[in-house]
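In this chain, numbering begins with 1 at the start of the sequence shown. Because the structure is a prediction, the values reported are computed rather than measured.
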Amino acid sequence: MKKQIISLCLAAAFLFLLAGCGEKEESEAEDPTTAVEVAAVSRGSIAAESTVSGQVVSGGQESVYVALSVRCTDVYVEVGDTVSAGQALCALDISATKANYDTAALSYNKAKASYDSQSALLSQQVTQAQEKLASIQELFQIGLVSQTEVDSAQAAVDSAKATMDSTLDQLEISIQNYKSTLEQLESSLANIDSDGKVTAPIAGTVVSLTAVKNGFVSPSAPVASIESTANMEIQVGVAESLVGKLQKGSQVSVTVDAAQASFQGTIQNLVSSPNATTHLYPVTIQVPASAAKELLSGMFAQVTFYTDTQNDVVIVPTEAIQTGMDGQYVYTLDENSIAHRVAVETGLVGDGVTEITAGLSGGETLVTVGQFYLSDGAQARVVSSEVAP
């Protein structure tokens, strides 16, 4: 009897479980409609895109030399640093050279002062001699002095002039000698300020540096080389089919992965003849100053050109378009969420979008996700919409 009761209980429990599973399966039955995402078909502008690889090129590089063999007392930058024009790169011990320069400058200024004072004095002596000669010549005209006295006065004038010319010529030679020495010392201090600091002649990136603290710099090697970031360019080669569609001054999109940089560039130059090796047409892209400081010469870049722009045309997401045996088509929904297969013709292909030249006019509700599971006349269920209410 006890066994029969246990068996009945087990049977009842089994039936209960079956009933529960049936309810669960019934409650979890899939919705027969297809879940889709939609967007309103819009009109706008589109351009064909062509992406090619290029390389970053510096607008210029300048090496910083000094004409001295002196000790470097400090270094302020490292290779890879970005510097501005006039920024200190390192400091040199120029005490001896500066002392020589100060002495030469003093001698030069003294020579100029001496020239000026002697010139004034000698000019005055010549003037006095000329005035005396004129007076004697007047007396000679009325017979009060002899020709000998006239000749003597004339000789005094000639002597004064000769003395002035000789003295000033010698002083001029001294001035030129001091000036030459001063210019040589000035040249040796080029790119070095009054504190002995070597400064950057241009803004850019330090690509090489030979200066070492407590080491010696030499005129035979540059203290540093700086790559300009003011006029960075990107050079690319494009095919014959593309070069004819490009125009100088047009905007392009540039991505430089190594610098994690993306920006808009400008077509600066188009070469009308192809490269003899690659048979591609060289194109130069100007980099804006705001982006140039992040780039280094030699980095690879992806350049996207935009051509054949069309305005006020029907544009849809490229992924919404399907291709069948009879051509391309999309799915639209009516007000009852019934799917309709619509044959379309396409035009330009842009960044993730495609121009529709026939089949849609704008305003339709387009299926953008889930279209691959639809058929003409099928009931759909919108789960996400970009359609304006």
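- Judged purely by atom type and a 3.5 angstrom limit, S107 uses its side chain to pair as donor or acceptor with the backbone of T103.
- Of all heavy-atom pairs between A67 and P219, the closest is C-CG, 3.7 Å.
- Here CD1 of I285 is found 9.5 Å from CZ of F263. Values are rounded to the nearest 0.5 Å.
- Inter-residue side-chain proximity for V314 and V344 is flagged as unmet; no heavy-atom pair is nearer than 4.5 Å.
- Here the side chain of N336 pairs no donor or acceptor atom with the backbone of I338 at under 3.5 angstrom.
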Determine all donor-acceptor pairs shorter than 3.5 Å in which one atom belongs to a side chain in residues 44-52; sequence neighbours excluded.
residue : atom : partner : partner atom : Å
S45     : OG   : N311    : OD1          : 2.7
E49     : OE2  : D351    : N            : 2.9
T51     : OG1  : T304    : OG1          : 2.9

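- No donor-acceptor distance shorter than 3.5 angstrom exists from the side chain of Q371 to the backbone of Q322, with no hydrogens or angles considered.
- Using a distance-only test at 3.5 Å, with no hydrogens or angles considered, no donor-acceptor pair links the side chain of T33 to the main chain of A380.
- Put simply, the side chain of S117 gets close to the backbone of S114: a donor and an acceptor are under 3.5 Å apart.
- Salt bridge annotation for D116-K112: absent, with no cationic side-chain nitrogen under 4.0 angstrom from a carboxylate oxygen.
- What you find for V64 and P201 is that their closest heavy atoms are CG2-CD, 3.4 Å.
- Under the side-chain hydrogen bond (donor to acceptor under 3.5 Å, both in side chains) criterion, S123 pairs with no residue, sequence neighbours left out.
- Side-chain contact check for T266 and Q251: at least one donor-acceptor pair (N or O, by modelled atom type) lies under 3.5 Å.
- If you take NZ on K161 and OG1 on T163, they are separated by 12.5 Å, rounding to the nearest 0.5 Å.
- For CD of E240, the number of neighbouring non-hydrogen atoms (other residues, nucleotides, ligands) closer than 6.0 Å is 12 at most.
- When all heavy atoms are compared, the tightest approach of S84 to A200 is O-CB, 3.7 Å.
- Evaluation of the side-chain hydrogen bond (donor to acceptor under 3.5 Å, both in side chains) rule for Q55 yields no partner, not counting sequence neighbours.
- Screening residues 311-320 for salt bridge (Lys or Arg N to Asp or Glu O under 4.0 Å) gives R43-D312 as the qualifying pairs, with residues at least two apart or on separate chains.
- No donor-acceptor pair under 3.5 Å is formed between the side chain of S135 and the backbone N or O of E131.
- Judged by distance alone, the side chain of T73 and the main-chain N or O of A91 form a donor-acceptor pair under 3.5 Å.
- Remark: S337 pairs with Q379, V382 by the side chain to side chain contact (heavy atoms under 4.5 Å, CB included) rule, at least two apart or across chains.
- Under the salt bridge (charged side-chain N to carboxylate O under 4.0 Å, His left out) criterion, R71 pairs with no residue at all, not counting sequence neighbours.
- Taking CD of Q286 as the reference point, atom CD1 of I234 lies at 11.0 Å (rounded to 0.5 Å).
- L246 and L270 make their closest contact through O-CD1, 3.6 Å (heavy atoms, listed as atom of the first residue, atom of the second, distance).
- Looking only at side-chain heavy atoms (C-beta outward), Y331 and V36 stay at 4.5 Å or farther from each other.
- Side-chain contact annotation: E172 with Q176, donor-acceptor N/O pair under 3.5 Å present.
- Taking both residues in full, the closest heavy atoms of V77 and A88 are given as CG1-O, 4.0 Å, listed atom of the first, atom of the second, then distance.
- Counting only N and O atoms by type, the side chains of E355 and T346 include no donor and acceptor under 3.5 Å apart.
- Side chain of T210 to backbone of P222: a donor-acceptor contact under 3.5 angstrom is found.
- The SG atom of C72 lies 10.5 Å from the CG atom of D93; values are rounded to the nearest 0.5 Å.
- Residues C90 and K197 have side chains not in contact (no heavy-atom distance under 4.5 Å, counting atoms from C-beta outward).
- Remark: the backbone N or O of T284 is not paired with any side-chain donor or acceptor of N269 at under 3.5 angstrom.
- In terms of modelled atom types and a separation under 3.5 Å, the side chain of T323 and the main chain of Q328 share no donor-acceptor contact.
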